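Here is the structure we will look at, set down as structure tokens.
For this chain, numbers begin at 1 and follow the sequence in order. Source: prediction; values computed, not measured.
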Amino acid sequence: MKINVQMTMEEILCLPQITAFGELIFDQTDKEGHYMTLKELQKRNDGFEAESVAYGLQRVIDLVEAGISVEHSFWNHEEIEITPDKKKTRLFFMPGKAGMPFVLICPGGAYQCVCTLKEGFPTGARLNELGYNAFILHYRVKEIGLMPHPLEDVAAALKYIFAKADEFQINSGKYAVAGFSSGGHLAAEWGTDNCGALNYGISKPEIVILGYPASDLTVFGTHEKMMLTTMLGKKYEKADIKKYNVNENISTDYPATYIFHCQDDPVIPVITSYRMKEKMENFNCPCVFREVPGGGHGFGLGEHTDAKGWPEEAIAFWETL
């Protein structure tokens, strides 16, 4: 089956290779969008690159047709019975070369949704081309007072991956966490001492790869109140913001970090990444910050932006560590 940009979302979601998880990757309340082509969705939605979305979906379909188990539930039945919202989580496996390290990808969505279509699958496909294994995390969203549930999902997903490392044919001793926007906040949190990996008995990643991340919760363009309320609850205080403010919690052993961010980003101002780079430098932590003029926000691979080529650059940086 070949995906093209003139296919509607309805046609794509009805494909037998996609139906099992279609409701997770596209908003079921977007009735208009269901009947729009990928090209039409690109015109309607900022950051939506039709060709990149088709590219990522094609990789998933090819894997399913090759007999690869792409979709995985990382919470077990008992855990889901106790906490039903865990049922909405999922892990998508996109294999690269056997024995290579892996990247856990956290798409963005302002903690209201998980933008797997435009930031997850395309990034996984590109990493596969570079030889790396990729896992796309569909974590919990839309709860008021959400934190630390997404971090719990990261931990559970990684433990699931480590337990099945032989089955996945991955090098589980070397991993990265990548994220975009709010998913960039989540990925960046994973490197902190106060809320991240060490709190779950998991080693830190070798590198954190961040696209236009919400690394500073004191600086926003749009969506500030909505995102903070979702993350911290309706009665959040300064102490809550400080706890989950990545730039406040970077320390000497923070993982190496690659960041890309556009100067014209209207949602997460580029100054957040300047501040993160400055903090990293203060603690002598390896950091590459790629600031580019144009591209806006929420574009994933960014093939039509000044950030084009960031996956290759991020992987090249990782390989120097």
Side-chain angles (χ1 to χ4, degrees), residues 101-108 119 123 126-127 130 132 134 151 154 158 174-199 202-221 242-265 267-295 297-302 305-321:
F102 73 90
V103 182
L104 181 68
I105 302 167
C106 304
E119 294 173 338
T123 302
R126 182 59 50 80
L127 289 171
L130 297 172
Y132 285 76
L151 287 162
V154 172
L158 285 170
K174 298 185 70 173
Y175 83 98
V177 176
F180 305 83
S181 193
S182 55
H185 171 264
L186 179 58
E189 278 284 358
W190 192 246
T192 64
D193 289 341
N194 68 317
C195 293
L198 302 182
N199 293 273
I202 298 174
S203 62
K204 291 186 178 185
E206 284 197 320
I207 186 172
V208 175
I209 300 170
L210 305 175
Y212 36 88
S215 61
D216 197 315
L217 300 184
T218 66
V219 182
F220 283 89
K242 185 175 181 178
K243 178 178 180 180
Y244 290 105
N245 190 338
V246 175
N247 289 352
E248 286 277 345
N249 294 291
I250 291 171
S251 57
T252 53
D253 62 345
Y254 195 85
T257 301
Y258 174 89
I259 311 167
F260 65 95
H261 209 141
C262 298
Q263 293 172 350
D264 65 350
D265 190 326
V267 180
I268 306 294
V270 71
I271 192 172
T272 61
S273 291
Y274 272 113
R275 289 182 178 181
M276 186 170 189
K277 179 178 183 289
E278 184 178 304
K279 276 296 187 79
M280 297 280 290
E281 290 174 342
N282 288 343
F283 286 106
N284 294 314
C285 300
C287 180
V288 169
F289 172 32
R290 182 181 177 188
E291 179 189 7
V292 299
H297 187 84
F299 49 76
L301 282 182
T305 73
D306 296 330
K308 181 180 179 179
W310 69 260
E312 290 82 358
E313 192 174 75
I315 291 299
F317 176 47
W318 187 5
E319 291 175 347
T320 67
L321 300 175

| remark: Taking every heavy atom of Gly184 against every heavy atom of Leu210, the minimum-distance pair comes out as O-CD2, 3.4 Å

| query | Should Phe180 and Ile105 be marked as a side chain to side chain contact (heavy atoms under 4.5 Å, CB included) after you check the CA-CA gap, both sets of side-chain angles, and the distance that decides it? | reply | CA-CA 8 Å; Phe180 305 83; Ile105 302 167; 4.0 Å; yes

| Just how far is it from atom CG of Asn247 to atom CZ of Arg275, taken to the nearest 0.5 Å? | 7.5 Å

| Got a second to check how far Leu127's CG is from Phe102's CZ, nearest 0.5 Å? | 12.5 Å

| message | How close do Trp318 and Val103 get, counting heavy atoms only, and between which atoms? | response | CZ3-CG2, 3.8 Å

| field | Within-4.5 Å side-chain heavy-atom neighbours: Thr305 and Val292 | value | no

| query | Does Ala188 offer a backbone N or O that forms a donor-acceptor pair with the side chain of Tyr254 under 3.5 Å? | reply | yes

| said: Treating Asp264 as the side-chain partner and His297 as the backbone partner, does any N or O pair qualify as donor plus acceptor under 3.5 Å? | reply: no

| Rounded to the nearest 0.5 Å, how far apart are CG of Asn194 and CG of Asn249? | 3.5 Å

| note | Output for pair (Asp265 CG, Gln263 CD), nearest 0.5 Å, gives 11.0 Å

| message | Using a 3.5 Å distance criterion without hydrogens, assess whether the side chain of Glu119 forms a donor-acceptor pair with backbone atoms of Gly108. | response | yes

| remark: Looking only at heavy atoms, the pair that brings Ser251 and Cys285 closest together is O-SG, 3.4 Å

| said: Go through it in stages, so that I can follow the logic: the residues are Met276 and Phe289, the test is side chain to side chain contact (heavy atoms under 4.5 Å, CB included), and I'd like the CA-CA distance, side-chain angles, deciding distance and then a yes or no. | reply: CA-CA 9 Å; Met276 186 170 189; Phe289 172 32; over 6 Å; no

| field | Distance, nearest 0.5 Å, that separates OG of Ser203 from CG of Leu158 | value | 8.5 Å

| field | Considering all heavy atoms, the nearest Thr257-Ile259 contact | value | CG2-CG1, 3.6 Å

| request: State, to 0.1 Å, how close Gly300 and Trp310 come at their nearest heavy-atom pair, and which atoms those are. | output: O-NE1, 3.0 Å

| request: Say whether, by atom type as modelled, one donor and one acceptor occur between the side chain of Tyr212 and the main chain of Phe299 under 3.5 angstrom. | output: yes

| field | Within-4.5 Å side-chain heavy-atom neighbours: Cys195 and Lys243 | value | yes

| message | Less than 4.0 angstrom from a charged side-chain N to a carboxylate O is my criterion; do Lys204 and Asp193 meet it? | response | yes

| Between the main-chain N or O of Tyr244 and the side-chain N or O of His185, is there a donor-acceptor pair closer than 3.5 Å? | yes

| task | Give a yes or no answer on whether the side chain of His261 reaches the backbone of Ile268 with a donor-acceptor pair at less than 3.5 Å. | result | yes

| With the threshold set at 4.0 Å, does a side-chain nitrogen-carboxylate oxygen contact exist between Lys279 and Glu248? | no

| query | Heavy-atom distance under 4.5 Å between the side chains of Pro311 and Thr123, does that happen here? | reply | no

| remark: Between Ile250 and Phe283, the two heavy atoms sitting closest are O-CE1, 3.2 Å

| query | Does the Asp306 side chain pair with the main chain of Gly295, one donor and one acceptor, at a distance under 3.5 Å? | reply | no

| field | Pairwise distance SG(Cys106) to CD(Glu189) - rounded to 0.5 angstrom | value | 11.5 Å

| Checking side chain to side chain contact (heavy atoms under 4.5 Å, CB included) for the pair Asn284/Thr252: CA distance, chi angles, key distance, verdict? | CA-CA 7 Å; Asn284 294 314; Thr252 53; over 6 Å; no

| request: Decide if the gap between the ring center of Trp190 and the ring center of Tyr175 is smaller than 6.0 angstrom. | output: no

| message | Please check this pair: side chain of Thr192 against backbone of Val246, looking for a donor-acceptor N/O pair closer than 3.5 Å. | response | no

